[in-house]
Amino acid sequence: MSNETMLKESIRSVIKFVKKKRLKEEKDLRKIIRKMLDYELKNLNEAQTADTDPSPNKSTGINVLEDLLKKIIPVLETDYKILTTSVEQRNSFRSHVIQAIVQTLKPVEVNNDAVGAEVEELSEDIEIELTDDENDDDKFIDIRTDAEKQSAEEPADPREDFGIEGQDVTGRNMAYSSFKKIESNIIDAYELLSNDEDKELFHDYLVANVKLYFDKFETELAGSVDEPTNQAYSTASEEGTEEPTEDEIDLGL
């Protein structure tokens with residue numbers, strides 16, 4: 001091989017080496033750029049996710065209600081799902097809780113000032129009448145038996161006033177206990193609101209959401225999704241329950 005040929009081969013080798021090195025450098029550079037792009041895209045996606053978080057509702061009443069639901073729904077769910085003996089218990093629990101909420105937030109239908117004036121006037125009339133016969137108490141003869149007197153002195157069970165006639169008693173008792181845990185939360189949240197529209201939305205959406213959550217809890221308890229099956233499984237199950245014949249027993253089958 002001549003010197004010229006050797007030189008050409010050497011040059012080709014150098015060119016190949018330079019090209020390979022350049023390709024490697026380009027690949028390395030692309031990897032670096034790709035990592036930078038991936039990092040920037042990740043940050044961009046996280047920022048977009050943060051921007052898409054639910055924004056506060058335009059209604060203050062709904063915003064206050066949303067915060068309240070986060071506090072009371074877990075309590076109601078836990079107590080509701082304890083009642084697994086019968087659906088009547090859960091229906092009773094549901095009815096009592098909803099009625100308690102409505103009664104707690106029931107809007108005043110008469111003018112407070114007018115009622116206050118009537119009560120004050122009535123109190124004055126009663127006071128006047130009592131002063132005329134203030135010594136009548138000394139003349140009163142109590143004819144009740146000792147048992148009747150003791151019964152009158154015993155405080156009434158508050159669950160009786162809380163209850164709905166005809167509903168399951170266990171469900172009522174659980175509802176009473178459960179509502180006592182959340183009653184102050186409901187009242188405190190409602191009292192934050194002064195605007196009539198906010199109050200109305202809060203009231204209506206609270207009742208609606210509690211009902212919807214009870215529907216959700218019942219669905220979760222019911223296990224409404226049936227287990228998939230097929231004819232082959234059904235046939236095999238039926239065959240497995242058949243009693244063996246005498247011949248099969250003798251043959252050891």
Side-chain angles (χ1 to χ4, degrees), residues 61-62 64-112 115-116 118-119 122-123 126 140 142-194 196 198-224:
I62 298 300
V64 172
L65 173 60
E66 183 178 355
D67 185 59
L68 172 67
L69 291 174
K70 293 175 182 177
K71 299 175 182 177
I72 69 173
I73 292 301
V75 176
L76 294 176
E77 180 178 11
T78 299
D79 293 345
Y80 182 88
K81 289 184 176 180
I82 289 175
L83 299 167
T84 55
T85 297
S86 68
V87 68
E88 287 78 17
Q89 291 180 347
R90 297 193 293 276
N91 287 340
S92 176
F93 180 95
R94 172 187 178 127
S95 298
H96 281 93
V97 168
I98 293 171
Q99 175 180 265
I101 291 174
V102 172
Q103 290 180 342
T104 300
L105 301 182
K106 187 176 181 180
V108 179
E109 297 177 354
V110 294
N111 187 287
N112 289 333
V115 172
E118 291 177 4
V119 171
L122 181 60
S123 298
I126 293 173
F140 178 73
D142 193 346
I143 62 172
R144 295 176 300 170
T145 65
D146 291 339
E148 289 174 337
K149 292 178 182 178
Q150 184 178 358
S151 176
E153 292 173 359
E154 292 177 354
D157 187 348
R159 294 177 298 184
E160 294 294 336
D161 294 333
F162 182 82
I164 301 173
E165 186 176 356
Q167 293 287 335
D168 181 88
V169 177
T170 299
R172 179 205 70 181
N173 294 343
M174 284 293 296
Y176 178 83
S177 174
S178 186
F179 187 73
K180 286 301 176 184
K181 300 175 189 175
I182 64 174
E183 183 179 13
S184 61
N185 296 115
I186 295 174
I187 295 173
D188 291 345
Y190 188 70
E191 288 183 344
L192 290 173
L193 305 173
S194 176
D196 290 338
D198 283 333
K199 287 183 176 181
E200 184 177 355
L201 284 172
F202 180 96
H203 179 280
D204 293 345
Y205 277 77
L206 172 58
V207 174
N209 273 274
V210 170
K211 287 183 176 182
L212 290 170
Y213 273 105
F214 278 138
D215 290 343
K216 178 176 178 291
F217 302 155
E218 184 61 29
T219 300
E220 292 170 352
L221 280 176
S224 56

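Because only heavy atoms are used, hydrogens play no part in the values below, and waters and symmetry mates are left out as well, while side chains stay in. All values reported here derive from a predicted model rather than from experimental measurement.
- Closest heavy-atom contact between Ile82 and Thr78: CG1-O, 3.2 Å.
- With sequence neighbours left out, the salt bridge (charged side-chain N to carboxylate O under 4.0 Å, His left out) criterion links Glu200 to no other residue.
- Residues satisfying the side-chain hydrogen bond (donor to acceptor under 3.5 Å, both in side chains) test with Glu183, not counting sequence neighbours, are Lys180.
- By the side-chain hydrogen bond (donor to acceptor under 3.5 Å, both in side chains) test, Ser178 pairs with Asp79, sequence neighbours left out.
- Here CD of Glu220 is found 10.0 Å from OH of Tyr80. Values are rounded to the nearest 0.5 Å.
- The distance from atom CD1 of Ile186 to atom CD1 of Ile72, rounded to the nearest 0.5 Å, is 4.5 Å.
- In this structure, CG in Leu65 is found 9.5 Å from CG in Leu201, a value given to the nearest 0.5 Å.
- Residue Ile62 holds its CD1 atom at 9.0 Å from CG of Asp204, rounded to the nearest 0.5 Å.
- Annotation: ring-ring contact (aromatic ring centres under 6.0 Å, His included) contacts of Phe202 (sequence neighbours excluded): Tyr190.
- Here CD of Glu218 is found 10.0 Å from CG of Leu83. Values are rounded to the nearest 0.5 Å.
- Among all heavy-atom pairs drawn from Gly171 and Ser92, the shortest one is C-OG, 3.6 Å.
- Looking at heavy atoms from C-beta onward, Thr170 lies out of side-chain contact with Asn173 at the 4.5 angstrom threshold.
- When the side chain to side chain contact (heavy atoms under 4.5 Å, CB included) test is applied to Glu160, the partners found at least two apart in sequence or on another chain are Asp157, Arg172.
- For Phe162, the ring-ring contact (aromatic ring centres under 6.0 Å, His included) partners are His96, Tyr176, not counting sequence neighbours.
- For the salt bridge (charged side-chain N to carboxylate O under 4.0 Å, His left out) test, residues two or more places apart in sequence or in another chain that qualify with Asp67 are Lys71.
- Gln89 and Thr84 make their closest contact through OE1-N, 4.4 Å (heavy atoms, listed as atom of the first residue, atom of the second, distance).
- Applying the side-chain hydrogen bond (donor to acceptor under 3.5 Å, both in side chains) test to Asp215 and every residue at least two apart in sequence or in another chain returns Arg94.
- Put simply, the side chain of Phe214 does not reach to within 4.5 Å of the side chain of Arg90, judged on heavy atoms.
- In this structure, CG in Leu68 is found 11.0 Å from CD1 in Ile187, a value given to the nearest 0.5 Å.
- Listed by chain and number, the residues in a side-chain hydrogen bond (donor to acceptor under 3.5 Å, both in side chains) with Gln99 amount to none (sequence neighbours excluded).
- Contact between Leu76 and Val97 at its shortest, heavy atoms only, is CD2-CG1, 4.1 Å.
- Scored by the side chain to side chain contact (heavy atoms under 4.5 Å, CB included) test, Asn91 finds Val87 as partners (sequence neighbours excluded).
- Annotation for Gly61 and Asp198: closest pair N-OD1, 3.2 Å, computed over non-hydrogen atoms.
- Here Val207 pairs with Ile98, Ile101, Val102, His203, Lys211 under the side chain to side chain contact (heavy atoms under 4.5 Å, CB included) rule; sequence neighbours left out.
- With sequence neighbours left out, Leu192 forms a side chain to side chain contact (heavy atoms under 4.5 Å, CB included) with Val64.
- Here the shortest heavy-atom pairing between Phe179 and Thr104 reads CZ-OG1, 3.3 Å.
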